[in-house]
Amino acid sequence: TAPEQKPEEVIQRYMEKVAVPPEEDCIICMERLSCPSGYDGASDSQAIPPNTVGKFTKCGHNLHLLCMLAMYNNGTKDGSLQCPSCKTIYGEKTGTQPKGKMEIYSTPQPLPGHPDCGTIQIIYSIPPGIQGPEHPNPGQPYTCRGFPRLCFLPDNHKGRKVLELLKIAWTRRLIFTVGTSSTTGEPDTVVWNEIHHKTEMMSNISGHGYPDPNYLDNVLSELASQGVTEGCLNP
Ligand code: NAD
Ligand code: ZN
Ligand code: ZN
């Protein structure tokens, strides 16, 4: 886990104070930026007054610093920020995936739609445990249905690139999360996060199999929206 960083310092690392706020609404509290943050009182921050407006260093979007602080304090507090307007990630986003293991095998059998190469098989194993402070019900158990979960990638150039990025996503705890399964409705269980995996090899009736000509590009953009990009491979 990341070393403890003061939330105010994380905010100020990626946002600079704006002297004259633009005539816009804050996307978090919906108040005018020239008016104080609607989250005044929701935060006990002494360091940031409610009328201070900040601008993200890269994307340039403006919001109340106090609103961004409230949003940060509501999340995993991992030292990273995500612009609520355009989703640009500042720092390294991490998730809440519980402990487990990711194993990789290869098989010569080709996938439908990828006749010229073998298959990479990923096996995710996560045992049941107790929810931490980053989970919806800290101290309560979580269940793990359908593990080990097997996933498939074509063993070609693009498939191997996706695999390397999935390994990074795994170490950043982004592949699974603890929540309510939208398939079964079960709460407090380990579920897929925002990065789709192919769990079926020989048909795509479920939408979770092959052939699917767009899959590798789709998963690359899902990885990118979690901040996992090719730039992470050879920094
Ligand atoms: P979920 O149903 O909350 O869905 C989260 C995301 O995972 C969604 O984007 C969804 O499209 C995707 N997803 C759903 N089913 C998938 C599948 N079979 N393969 C790949 N992606 C899938 O997430 P969840 O509860 O983690 O996923 C449900 C899947 O988990 C089931 O289809 C099954 O594979 C497994 N499961 C198995 C058991 C069991 O007892 N064997 C029980 C519950 C879930
Ligand atoms: Zn605001
Ligand atoms: Zn932005």
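The figures that follow rest on heavy atoms only: side chains count, while hydrogens, waters and symmetry mates do not. Both ligands and their constituent atoms are indexed starting at 1 by order of listing.
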Review point. Where does the angle between the aromatic ring planes of Phe176 and Trp170 fall among parallel (under 30°), tilted (30 to 60°) and perpendicular (over 60°)?
Key: perpendicular
Exercise for review: Flag the pair Asp78 and Arg173 as a salt bridge only when some basic side-chain nitrogen lies within less than 4.0 angstrom of an acidic carboxylate oxygen.
Suggested key: no
**Study point:** Glu23 and Arg32 ion-paired at < 4.0 Å
**Key:** yes
Practice item. Looking only at N, O or S atoms, find the one in His61 nearest to the Zn ion (ligand 3) and name it. Key: ND1
Exercise for review: Tell me which one of Arg149, Glu222, Lys198, Arg145 gets a heavy atom nearest to atom 26 (O) of ligand 1.
Suggested key: Arg149
Review point. Counting only heavy atoms, which portion of His197 has something under 4.0 Å from ligand 1: side chain, backbone, both, or neither?
Key: backbone
**Study point:** At the Zn ion (ligand 2): angle between Cys29 atom SG and Cys26 atom SG, to 10 degrees
**Key:** 110°
Study note, to complete from the structure: closest protein heavy atom to atom 25 (O) of ligand 1 is Ser181 OG, 2.6 Å
**Study point:** Interfacing atoms of ligand 1 (cut-off 4.0 Å, heavy-atom, Thr199)
**Key:** 17 (C), 18 (N), 19 (N), 20 (C)
Check your understanding: Any luck finding a side-chain donor-acceptor pair between Arg13 and Gln5 under 3.5 Å?
Key -> yes
Review point. Any idea which N/O/S atom from His64 gets closest to the Zn ion (ligand 2)?
Key: ND1
**Study point:** Polar proximity ligand 1 side, Asn193 side, N/O cut 3.5 Å exclusive
**Key:** no
Point to revise | Test item: side-chain donor near acceptor, Thr143 and Thr189, under 3.5 Å | key: yes
Exercise for review: Can you tell me, to 10 degrees, how wide the angle at the Zn ion (ligand 3) is between SG on Cys59 and SG on Cys86?
Suggested key: 110°
Study note, to complete from the structure: heavy-atom search around atom 4 (O) of ligand 1 in the protein gives Ser182 OG, 3.3 Å
Check your understanding: So, for atom 1 (P) of ligand 1, does the protein have a heavy atom nearer than 4.0 Å?
Key -> yes
Point to revise | Stepwise salt bridge (charged side-chain N to carboxylate O under 4.0 Å, His left out) check, Lys161 with Glu164 | key: CA-CA 5 Å; Lys161 182 166 92 181; Glu164 292 311 308; over 6 Å; no
Practice item. Do me a favour and list the nearest non-hydrogen protein atom to atom 31 (C) of ligand 1 with residue, atom name and distance? Key: Thr183 CG2, 4.7 Å
Revision key, fill the gap. re atom 7 (O) of ligand 1, the protein heavy-atom contact at minimum distance is Trp192 CD1, 3.2 Å
Review point. What residue and heavy atom of the protein are closest to atom 9 (O) of ligand 1, and at what distance?
Key: His196 NE2, 2.8 Å
Check your understanding: So is Lys58 actually on top of Tyr90's ring, under 6.0 Å and inside 45° of the axis?
Key -> yes
Check your understanding: Do Gln97 and Asn193 have side-chain atoms, one donor and one acceptor, less than 3.5 Å apart?
Key -> no
Check your understanding: Just wondering, do Val191 and Thr183 contact through their side chains at under 4.5 Å, heavy atoms?
Key -> no
Check your understanding: Taking atom types as modelled and ignoring hydrogens, do the side chains of Tyr215 and His196 form a donor-acceptor contact shorter than 3.5 angstrom?
Key -> no
**Study point:** Closest protein heavy atom (residue, atom, distance) for atom 22 (C) of ligand 1
**Key:** His208 CE1, 3.2 Å
Review point. Any protein heavy atom sitting closer than 4.0 Å to atom 33 (C) of ligand 1?
Key: no
Review point. Considering only heavy atoms of Thr184, which atoms of ligand 1 have at least one such atom less than 4.0 Å away?
Key: 43 (C)
Review point. Do Gln82 and Lys87 get their side chains close enough for a donor-acceptor pair, meaning under 3.5 Å?
Key: no
Exercise for review: Pull out every atom of ligand 1 sitting under 4.0 Å from any heavy atom of Gly146, numbered as shown with elements.
Suggested key: 37 (C), 38 (C), 39 (C), 41 (N)
Review point. Does atom 13 (N) of ligand 1 have a protein non-hydrogen atom under 4.0 Å from it?
Key: yes
**Study point:** 4.5 Å side-chain heavy-atom contact, Asp155 and Leu111
**Key:** no
